[in-house]
Amino acid sequence: MFTELNSILNSTPDSFTRKEFVLLSDRQSDASFLIHHFLSFYLRARCKVCFLGLVQSFSHYSAISQRLGVSLTQAKEKGQLIFLEGLKESLSILIPQEGNAESQAVDFLRDPTVGLRCLYEFVQSSLSSSGGGEDGTEEWGPPVLLVDDISVLLSLGVNAGAVLDFSHYCRATVCSQLQGNMVMLVRCDGEEEGDDGDDEGPELLLKGLTHQCSLTLHVQGLPTGYCRDIHGQVEVCWRRRQGDGQHTQKKLFQYKVHDKGASFFARGTSSAVL
């Protein structure tokens, strides 16, 4: 958990905005450190967390969370964390072996045209109950859905429209009905929006998710190129509805990721970047 980022977002594990959809995105950079931040943040806040880890193993997330002072293993044992290991679940379908239980959550791999209903139902059932542990006596705070990263579904044959529908239904359930939060990461590899001309690609997905969310953190490299002391910049954009319109506020920060945290600088305040 990065305390400087909490200050920028005006949030702490004891006090944070509910019913919020946070969209993380990156372009020619890596926003994974933000996923680890929000994972440790919400676990410290005693939220019930459903984490769809589509790009890394549980041991990967666990090792990084351990450095941030959070044990994912303990969170799973207590029923606070529901973790879907996408790589493992996908492998059980793509390379079936005798004795391996198949997961319905990634049923779209058998037929991408059926959409993501089973994955949505997994999220819904995971977060609908606030109790945890074997005896169900543990009570958690508001539910949270984390996805790392949602654009992986495109490479698995799901079209952007189906992914946007999945996000919409998750937001209606998690944010509106259960009054919890959502955090999703989406990646765009092109240098500029629209470069690939693919109406069903990551750019369309990014635009659609941006329309749905209330807060975006967009990570990209420095326009001046590589710098040893600064790893990139983050554009933070708040979207709030006011009357008949929408109010947008943007701030730009430069950042450096450390082994156990990250530093954020208002643009132009770091001596490392001109």
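Positions are given from 1, in the same order as the sequence printed here. Bear in mind that the values here come from a model prediction, so they are computed numbers and not experimental data.
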Exercise for the section: Report yes if the side chains of L39 and F51 come closer than 4.5 Å at any heavy-atom pair, otherwise no. Expected result: yes

Handout entry: Qualifying residue, where the test is side chain to side chain contact (heavy atoms under 4.5 Å, CB included) with H231 and the options are D30, V257, V219, L222
Key = V257

Exercise for the section: Walk me through it: do D148 and L24 pass the test side chain to side chain contact (heavy atoms under 4.5 Å, CB included)? Expected result: CA-CA 9 Å; D148 180 23; L24 313 177; over 6 Å; no

Exercise for the section: Please round to the nearest 0.5 Å and tell me the distance separating atom CD of Q124 and atom CG of L119. Expected result: 12.0 Å

Practice task
Could you tell me whether the side chain of S15 and the main chain of S11 form a donor-acceptor pair under 3.5 Å?
Solution key: no

Practice task
For the residue pair F41 and H37, categorise the inter-ring angle as parallel (less than 30°), tilted (30 to 60°) or perpendicular (more than 60°).
Solution key: tilted

Exercise for the section: Would you please classify the geometry between the Y61 ring and the H36 ring as parallel, tilted or perpendicular, with 30° and 60° separating the classes? Expected result: tilted

Exercise for the section: Show the numbers, then the answer: is there a side chain to side chain donor-acceptor pair (under 3.5 Å) between R67 and S40? Expected result: CA-CA 10 Å; R67 293 203 296 268; S40 61; over 6 Å; no

Exercise for the section: Find out whether L5 and L217 are in side-chain contact, i.e. whether some heavy atom of one side chain is under 4.5 Å from a heavy atom of the other. Expected result: yes

Completion exercise
Closest non-hydrogen contact found for I35 with V147 is CD1-O, 3.7 Å

Exercise for the section: For the pair R44 (side chain) and P13 (backbone), establish whether a donor and an acceptor sit closer than 3.5 Å, ignoring hydrogens and angles. Expected result: no

Exercise for the section: Check the pair R117, D107 against salt bridge (Lys or Arg N to Asp or Glu O under 4.0 Å), reporting the backbone distance first and the verdict last. Expected result: CA-CA 9 Å; R117 174 174 296 196; D107 201 49; over 6 Å; no

Handout entry: Student check: side-chain heavy atoms of P142 and L178 closer than 4.5 Å
Key = no

Exercise for the section: Please step through side chain to side chain contact (heavy atoms under 4.5 Å, CB included) for the pair I8 and F253, ending with a clear verdict. Expected result: CA-CA 9 Å; I8 292 171; F253 300 88; 3.6 Å; yes

Handout entry: Pair L116-L153, side chain to side chain contact (heavy atoms under 4.5 Å, CB included): steps then yes or no
Key = CA-CA 10 Å; L116 300 171; L153 297 175; 3.8 Å; yes

Handout entry: Sidechain N-carboxylate O distance under 4.0 Å for E203, R27
Key = yes

Practice task
Answer with yes or no whether the hydrophobic clustering places L156 together with I150; edges join I, L, V, M, F, W, Y residues whose side-chain heavy atoms lie under 4.5 Å apart.
Solution key: yes

Exercise for the section: Before giving the answer on side chain to side chain contact (heavy atoms under 4.5 Å, CB included), spell out for K48 and L127 the whole-Å C-alpha distance, their side-chain angles and the decisive distance to 0.1 Å. Expected result: CA-CA 7 Å; K48 180 71 172 289; L127 295 177; 4.0 Å; yes

Exercise for the section: State, yes or no, whether a side-chain contact exists between E4 and Y255 at a heavy-atom distance under 4.5 Å. Expected result: no

Handout entry: Nearest-0.5 Å distance that lies between atom CD in Q66 and atom CG in L72
Key = 8.0 Å

Problem - Gap separating the CG atom of L164 from the CG atom of L204, nearest 0.5 angstrom - result: 6.0 Å

Problem - For S167 against L209, the heavy-atom pair lying closest together - result: OG-CD2, 3.3 Å

Handout entry: Side-chain donor/acceptor of S151 to backbone N/O of R187, under 3.5 Å
Key = yes

Handout entry: Exercise: identify the closest heavy-atom pair between T210 and L206
Key = OG1-O, 2.7 Å

Exercise for the section: Using distance alone, with no hydrogens and no angle criterion, decide if S57 and E85 have a side-chain donor and acceptor under 3.5 Å apart. Expected result: no

Practice task
Report yes if the side chains of L23 and V183 come closer than 4.5 Å at any heavy-atom pair, otherwise no.
Solution key: no

Exercise for the section: Using distance alone, with no hydrogens and no angle criterion, decide if S214 and R171 have a side-chain donor and acceptor under 3.5 Å apart. Expected result: no

Practice task
Give a yes or no on this: more than 12 heavy atoms of other residues, nucleotides or ligands lie within 6.0 Å of atom OH of Y169.
Solution key: no

Handout entry: Closest approach of Q233 to G221 (non-hydrogen atoms, all atoms of both residues)
Key = CG-O, 4.0 Å

Problem - Test item: side-chain donor near acceptor, S71 and T73, under 3.5 Å - result: no

Exercise for the section: Spell out, as yes or no, whether a donor-acceptor pair under 3.5 Å connects the side chain of Q80 to the backbone of L43. Expected result: yes

Practice task
Would you please name every residue forming a ring-ring contact (aromatic ring centres under 6.0 Å, His included) with F166, sequence neighbours left out?
Solution key: none

Exercise for the section: Quick one: list whatever passes salt bridge (charged side-chain N to carboxylate O under 4.0 Å, His left out) with D165, sequence neighbours left out. Expected result: none

Practice task
Check whether any side-chain heavy atom of S126 lies under 4.5 Å from a side-chain heavy atom of F83, and answer yes or no.
Solution key: no

Exercise for the section: Please tell me if the side chains of V22 and C213 come closer than 4.5 Å, counting only heavy atoms from C-beta onward. Expected result: no

Exercise for the section: Please determine if K76 forms a cation-pi arrangement with F58, meaning its NZ or CZ atom is less than 6.0 Å from the six-membered ring centre and no more than 45° off the ring axis. Expected result: yes

Exercise for the section: Please report the closest heavy-atom contact between C170 and V123, naming both atoms and the distance. Expected result: SG-CG1, 4.4 Å

Problem - Residue of the set V49, V70, L145 for which side chain to side chain contact (heavy atoms under 4.5 Å, CB included) holds with Y42 - result: V49

Practice task
Measure across A31 and S25 and return the closest heavy-atom pair with its distance rounded to 0.1 Å.
Solution key: CB-O, 4.0 Å

Problem - Residues R239 and T216: side-chain donor-acceptor under 3.5 angstrom - result: yes

Practice task
Check for a donor-acceptor pair, side chain of S125 on one end and backbone N or O of F122 on the other, with a separation under 3.5 Å.
Solution key: yes

Handout entry: From OG (S263) to CD (Q254), nearest 0.5 Å
Key = 12.0 Å

Problem - Within-4.5 Å side-chain heavy-atom neighbours: E20 and L215 - result: yes

Exercise for the section: State the OG1-CG distance between T17 and N181, to the nearest 0.5 angstrom. Expected result: 7.5 Å

Handout entry: From I64 atom CD1 to S32 atom OG, the distance as rounded to the nearest 0.5 Å
Key = 7.5 Å

Problem - Check: L87 main-chain N/O paired with S90 side-chain donor or acceptor under 3.5 Å - result: no

Fill in the blank from the handout: From the list K251, H247, K250, side chain to side chain contact (heavy atoms under 4.5 Å, CB included) partner of W238 resolves to K251

